[in-house]
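To start, the structure under review is shown below, and the notes come after it.
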Amino acid sequence: MAKRWYNNPFKLAFLGLAAVGLGGACYIFAGGKGAAARATEKTDNIYAADEPLSTMPDSLIPGLVLLTADQMVRTPLADGFQWPVGTPAMGMMYDAQGFGVMNQKRGGHHTGLDLNGIGGENTDEGEPVHAAARGLVIYSGAPHEGWGNIVVIAHRLPGSDKIIQTLYAHLHERSVRPGQTVARGQRIGSIGTANGHYLAHLHFEAIESLSQEAGMPGYHPAGTMNRIDPAKLIAEHPAPAATDPYEQVRRLMIREAANATPTTTTAPAQPGTIQLNPSQFLKQ
């Protein structure tokens, strides 16, 4: 009796491979892309993959991540705001492009201040950038080549429970990390060019938001959104002339911890002793 073709394992394997190959070819010709291709695909904008704004509710801006409860609790109360470059009163610096100014080339309103050294060009590259107020670092990274290095700090406004953020962009380097509490005037990085995209300057923003907004567009045709004028913020909540005492206390605590001698107040437990936590016996 002749052997049927479907009883031949070699023929079945060959037909299976042929079916897989044909399916893959159809998928490619149909415009499909594999996971590897999608992973290496480059986009011109970090929001290119987001849902278009026209299809989103007005109250939601894509790409934002809400601050965690821990971040909001740990955001310290600022004792005032100072200028982040030059002197605390912005000596030796000037505002090259003001807040809300329409920039036709970029197609939108400027949502911050461009702070330049009085020498112009790249003479201020590498100059230190300081935290404008005591706060919690909620972002430190490089979200897009057009932004370069960015640091974002959350602050609790004096006299209120409102949280606002200050954003420092185009940095040459960053010297703080997320989760770190910084003092007003503490060095957080240096002025840069966003890897040669611009002449050296600090793009400085103040943002009223409970979301991490690092990498949001610096220009927006609809206006300045939830950005507030940094100069107005500093004028309304000026920093005291004295340095932030937080940094002095922090250094004292670090020094005391380093010099502390461990002490033992109880005798070591005998082998086989079961350790109990007294709190488990407290009434709830």
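- For the pair Tyr168 and Ile153, the minimum side-chain heavy-atom distance is below 4.5 Å.
- Distance OG1/Thr68 to CG/Asp70: 5.0 Å, rounded to 0.5 Å.
- Distance CE/Met72 to CG/Leu136: 11.5 Å, rounded to 0.5 Å.
- Applying the ring pair (Phe, Tyr, Trp, His ring centres under 6.0 Å) criterion to Tyr198, with sequence neighbours excluded, gives His170, His201.
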- Task: Could you walk me through whether His110 and His203 pass side chain to side chain contact (heavy atoms under 4.5 Å, CB included), step by step?
- Result: CA-CA 10 Å; His110 195 217; His203 177 79; 3.2 Å; yes
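- In plain terms, the two heavy atoms of Asp124 and Gly117 that are nearest each other are OD2-N, 2.9 Å.
- To the nearest 0.5 Å, atoms CZ (Phe99) and CG (Asp114) are separated by 12.5 Å.
- Each of Tyr246 and Phe81 belongs to its own hydrophobic cluster when Ile, Leu, Val, Met, Phe, Trp and Tyr are linked at side-chain heavy-atom distances under 4.5 angstrom.
- Contact check for Met93 versus Glu127: no side-chain heavy atoms found under the 4.5 Å cut-off.
- Screening residues 76-99 for salt bridge (charged side-chain N to carboxylate O under 4.0 Å, His left out) gives Asp79-Arg134, Asp79-Arg184 as the qualifying pairs, with residues at least two apart or on separate chains.
- Distance check, rounded to the nearest 0.5 Å: CZ of Arg156 to CZ of Arg74 gives 12.0 Å.
- When all heavy atoms of Thr193 and Gly196 are compared, the closest pair comes out as OG1-N, 2.9 Å.
- Every residue two or more places apart in sequence or in another chain was checked for a side-chain hydrogen bond (donor to acceptor under 3.5 Å, both in side chains) with Glu236, and none qualifies.
- Contacts of Arg187 classified as side-chain hydrogen bond (donor to acceptor under 3.5 Å, both in side chains), with partners at least two apart in sequence or in another chain: Glu173.
- Side-chain contact check for His237 versus His155: every heavy-atom pair is 4.5 Å or farther apart.
- Gly159 and Leu77 make their closest contact through N-CD1, 4.5 Å (heavy atoms, listed as atom of the first residue, atom of the second, distance).
- The shortest side-chain heavy-atom distance between Phe204 and Val85 does not fall under the 4.5 Å cut-off.
- We find the CD1-CG distance between Ile191 and Leu202 to be 6.0 Å, quoted to the nearest 0.5 Å.
- In terms of the side-chain hydrogen bond (donor to acceptor under 3.5 Å, both in side chains) criterion, Asn122 has no residue partners (sequence neighbours excluded).
- Interatomic distance, Leu67 CG to Leu210 CG, rounded to the nearest 0.5 Å: 6.0 Å.
- Looking at residues two or more places apart in sequence or on another chain, you find a side chain to side chain contact (heavy atoms under 4.5 Å, CB included) between Asn149 and Ala142, Leu171, Arg174.
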